[in-house]
S.K.: 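Dropping a structure here in C-alpha cells format, bear with me for questions.
Numbered from 1 within each chain, the chains take letters A, B, ... in sequence-line order. All values below were derived from every heavy atom in this structure, side-chain atoms included, with hydrogens, water molecules and symmetry-related copies excluded.
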Amino acid sequence: MMMGTRLHLRYHFSSRAPKVTKLDDALQLFDEMLHRKPLPSIIEFNKLITPMVKMKHYSTALSLFKQITMAGIRANIYTMNISINCYCRLNHLNYGFSILATIFKLGHPPNVATYATLINGLVLADRVFEAVELFKKLRRHKLCEPDQVMYGTVINGLCKVGHTSKALELLSFIESGSCKPGVEQYNAIIDGLCKDGMVDDALRLFTKMIENGVHASVITYSSLINGLCKFGRESEAARMLIEMEEKGIPPDLHTYTILVDAFCKQGSVKDAEFAVQAMVRRGLHPDVVTYSALIDGYCLRGELDEAHKVLDLMVEKDLKPNIITYSSLINGYCKKKKINDAINLFREIRSKGLVPNGVTYNSMLQGLFE
DNA sequence: GTAGGGTTAG
C-alpha cells in the first residue's frame with residue numbers, strides 16, 4: 001500500500017528523473033511512525049499530515065488517515081475536519097458530508113471548523129447559495145457560533161458570485177459585533193470589488209481597513225495591484241508596489257506573476273522578463289502560472305519561437321505545462337495562420353492526457369474559420 | 001500540542 005502511494009505521488013510530481021522531495025521525507029517519517037512502539041498519538045499524525053494537505057496532496061493525506069485507522073489509532077475531530085477538507089478539495093463534497101454524519105454518530109459534536117470547512121466545500125463546488133443557507137441555518141438553530149474564519153468563508157463565497165454588496169453588508173455586521181473582521185475578510189471584498197471593476201471602492205475599503213487598525217497583507221496589495229493594472233492604472237499600481245516594500249511586506253510569487261501578466265498584456269514582454277529576473281534575484285521561483293503568462297505574452301505578439309523557449313525552460317525546471325499553457329500556444333499558432341502546427345500541438349496535448357476545454361476549442365475554431 | 005477561509009495565467 002505504501003509503495004503504491006509513493007509511485008502515485010512520483011507520477012504527479014515529476015515527469016523526469018525522480019528527485020527526493022519534502023513529501024517523500026514526510027512519507028518516510030509516516031512509515032517510521034506507524035511502526036513505532038508505542039504508537040504516536042493522533043495529534044502527531046495530524047501534525048505530519050497538515051503540511052501535506054497545504055501542499056495539495058489530498059488523496060495521499062486521505063490514504064494516510066486510512067492507514068492510521070487500520071493501525072487502530074482513533075481519529076479525533078481535527079482528523080475528521082482535515083479529511084472533510086481533503087474530500088471537498090477533491091470535489092467529493094458528499095464524502096465530506098458523510099464524515100459529518102459519522103461525527104454525529106460517534107457522539108462527538110462537530111465544531112465551528114467542521115461547519116466552516118463544509119461551507120467552504122459548497123463554495124468551492126459553486127454552490128454558494130447553499131453555503132449561505134447552511135450558514136444561516138447554523139445561526140438560526142444555534143448549532144455553532146460563527147468565528148472569523150467562517151465569516152471569511154461566507155464573504156469569499158458571496159464575492160465569488162458577484163454579490164459584493166451582500167458581502168459588504170455582512171462585513172459591517174461583523175464590524176458592529178464582537179468578532180472583529182480581520183485582514184482576510186477585507187481581502188476577500190477588496191478583491192471582489194477589484195474584479196467587479198470597482199477599484200476606487202476597493203481603495204476606499206483598503207483605507208478604512210487600515211483606519212480600523214487592521215494591517216494589510218501581501219494578498220491585500222496583490223489584489224489591489226492586480227485590479228489597478230487590469231484597469232489601466234499602472235502608475236498607481238507601481239506606487240502600491242513601493243508602498244508595500246516600505247511597509248516591510250515584500251512582493252511574493254503571486255505579486256510578481258500579476259506584474260508579469262500585466263506587462264505581457266501591455267505588450268511589453270521585455271519588462272515581463274525583467275520582472276521574472278527580479279523575482280529570481282529575490283529567491284522566488286516562477287511557477288507554471290508565471291511562465292504561462294509569459295508564454296501568452298509572446299504568443300500575443302506572434303513571437304512563437306520565444307514562447308517555445310519559455311516552454312522548454314519550464315520543462316527543464318520540472319514544471320508541467322497545463323491546458324492553459326498550451327491553449328495560449330494554440331492561440332498563437334492560429335493567429336499566425338499556422339493551422340497545421342496548431343493541430344499537431346492539439347494532438348500532442350491529448351496524447352499527454354490533458355483535456356482541451358472551451359477556450360482551447362475556441363482558439364482552434366477561430367484559426368480554422370477566420 | 002493537532003483542524004477550517006484569501007491573491008496569479010489561456
S.K.: If you check the A:Ile258 side chain, which of B:dT8, B:dA3, B:dG4 turns out closest?
M.R.: B:dT8
S.K.: Can you measure A:Met33 atom CE to B:dT2 atom C1' for me and round it to whole angstrom units?
M.R.: 11 Å
S.K.: Respond yes when some side-chain nitrogen or oxygen of A:Thr50 is under 4.0 Å from OP1 or OP2 of B:dA3, and no when none is.
M.R.: yes
S.K.: The side chain of A:Val359 is closest to which nucleotide in this list: B:dT7, B:dG6, B:dG10?
M.R.: B:dG10
S.K.: Between the side-chain atoms of A:Gln148 and the base atoms of B:dG5, is any donor-acceptor pair under 3.5 Å?
M.R.: no
S.K.: Strictly by modelled atom types, are A:Asn81 and A:Thr117 linked by a side-chain donor-acceptor pair under 3.5 Å?
M.R.: no
S.K.: Output the distance between atom CG (A:Leu39) and atom CD (A:Glu44), rounded to the nearest 0.5 Å.
M.R.: 12.0 Å
S.K.: Looking at B:dG1, B:dT8, B:dG4, which one has an atom nearest to any side-chain atom of A:Lys47?
M.R.: B:dG1
S.K.: Separation of A:Leu205 atom CG from B:dT7 atom P, in whole Å?
M.R.: 16 Å
S.K.: Under 4.0 Å, counting only non-hydrogen atoms across every strand here, what does A:Asn362 touch: a base, just sugar-phosphate, or nothing?
M.R.: nothing
S.K.: Considering every strand and a 4.0 Å limit on heavy-atom distances, what is the contact class for A:Ser363: base, sugar-phosphate, or nothing?
M.R.: nothing
S.K.: Counting only side-chain nitrogens and oxygens, does A:Lys54 get under 4.0 Å of the OP1 or OP2 atom of B:dT2?
M.R.: no
S.K.: Would you kindly give the CZ-to-P distance between A:Phe45 and B:dA3, to the nearest whole Å?
M.R.: 15 Å
S.K.: Atom CG of A:Asp261 to atom C1' of B:dA9: distance rounded to whole Å?
M.R.: 6 Å
S.K.: Please tabulate, for side-chain N and O atoms in residues 156-164 of chain A, each donor-acceptor pair with protein atoms closer than 3.5 Å (sequence neighbours left out).
M.R.:
from, atom 1, to, atom 2, distance (Å)
A:Lys160, NZ, A:Val123, O, 2.8
A:Lys160, NZ, A:Asp126, OD1, 3.2
A:Thr164, OG1, A:Asp196, OD2, 2.7

S.K.: I'd like to know whether NZ of A:Lys56 has more than 12 heavy-atom contacts from other residues, nucleotides or ligands below 6.0 angstrom.
M.R.: no
S.K.: Is the shortest side-chain N/O distance from A:Lys265 to OP1 or OP2 of B:dG10 below 4.0 Å?
M.R.: yes
S.K.: Measure from the side-chain heavy atoms of A:Val289 and tell me the nearest of B:dG4, B:dG10, B:dA9.
M.R.: B:dA9
S.K.: Measure from the side-chain heavy atoms of A:His254 and tell me the nearest of B:dG6, B:dT8, B:dG4.
M.R.: B:dT8
S.K.: I'd like to know if A:Asn111 reaches the base of B:dG4 with its side chain, counting only an N/O donor and acceptor under 3.5 Å.
M.R.: no
S.K.: Which of the following nucleotides, B:dT7, B:dG5, B:dG10, is nearest to the side chain of A:Asp191?
M.R.: B:dT7
S.K.: Between B:dG5, B:dA3, B:dA9, which nucleotide has the shortest distance from any of its atoms to the side chain of A:Thr153?
M.R.: B:dG5
S.K.: Scan side-chain atoms only and decide if A:Thr255 and A:Asp252 contain a donor-acceptor pair under the 3.5 Å cut-off.
M.R.: yes
S.K.: Rounded to the nearest Å, what distance is computed from the CD1 atom of residue A:Ile84 to the P atom of nucleotide B:dG5?
M.R.: 12 Å
S.K.: Run the numbers on A:Phe206 and A:Tyr221 for ring pair (Phe, Tyr, Trp, His ring centres under 6.0 Å), then give the verdict.
M.R.: CA-CA 9 Å; A:Phe206 173 65; A:Tyr221 280 107; 5.5 Å; yes
S.K.: Within this structure, what is the CD1-to-C1' distance between A:Ile189 and B:dG6, rounded to whole angstrom?
M.R.: 11 Å
S.K.: Would you indicate which nucleotide in B:dA9, B:dG6, B:dG4 comes nearest to any side-chain atom of A:Ala113?
M.R.: B:dG4
S.K.: Under 4.0 Å, heavy atoms only, any strand: does A:Val53 hit a base, just the sugar-phosphate, or nothing?
M.R.: nothing
S.K.: Do the side chain of A:Glu44 and the base of B:dG1 come within less than 3.5 angstrom through a donor-acceptor pair of N or O atoms?
M.R.: yes
S.K.: Find the distance A:Ile73:CD1 to B:dT2:P and express it as a whole number of Å.
M.R.: 18 Å
S.K.: For the side chain of A:Lys270 and the backbone of A:Gly267, is there at least one donor-acceptor N/O pair under 3.5 Å apart?
M.R.: no
S.K.: Angle between ring planes, A:Tyr333 versus A:His308, binned at 30° and 60°: parallel, tilted or perpendicular?
M.R.: tilted
S.K.: Tell me: CG of A:Asp287 to C1' of B:dA9, nearest whole Å?
M.R.: 9 Å
S.K.: Counting heavy atoms from C-beta on, name the nucleotide in B:dG1, B:dG4, B:dG10 closest to the side chain of A:Thr117.
M.R.: B:dG4
S.K.: Tell me what A:Ile323 touches on the nucleic acid: a base, only sugar-phosphate, or nothing, going by heavy atoms under 4.0 Å.
M.R.: base
S.K.: Quick one: the side chain of A:Asn76 and the base of B:dA3, do they pair up donor-acceptor inside 3.5 Å?
M.R.: no
S.K.: Just to be sure I understand the rule, does A:Thr114 reach a base, reach only the sugar-phosphate, or reach nothing, if contact means heavy atoms closer than 4.0 Å?
M.R.: nothing
S.K.: Record whether the side chain of A:Ser328 comes under 3.5 Å of the base of B:dG10 through a donor-acceptor pair of N or O atoms.
M.R.: no
S.K.: Is a donor-acceptor pair below 3.5 Å formed from side chain A:Asn46 to base B:dG1, judging by atom type as modelled?
M.R.: no
S.K.: Would you classify A:Asn187 as touching base, sugar-phosphate or nothing, given that sugar-phosphate means primed atoms plus P, OP1 and OP2, and contacts are heavy atoms under 4.0 Å?
M.R.: base
S.K.: Select one nucleotide: of B:dT8, B:dG5, B:dT2, the one nearest the side-chain heavy atoms of A:Tyr78.
M.R.: B:dT2
S.K.: With heavy atoms under 4.0 Å as the rule, sort A:Lys160 into base, sugar-phosphate or nothing.
M.R.: nothing
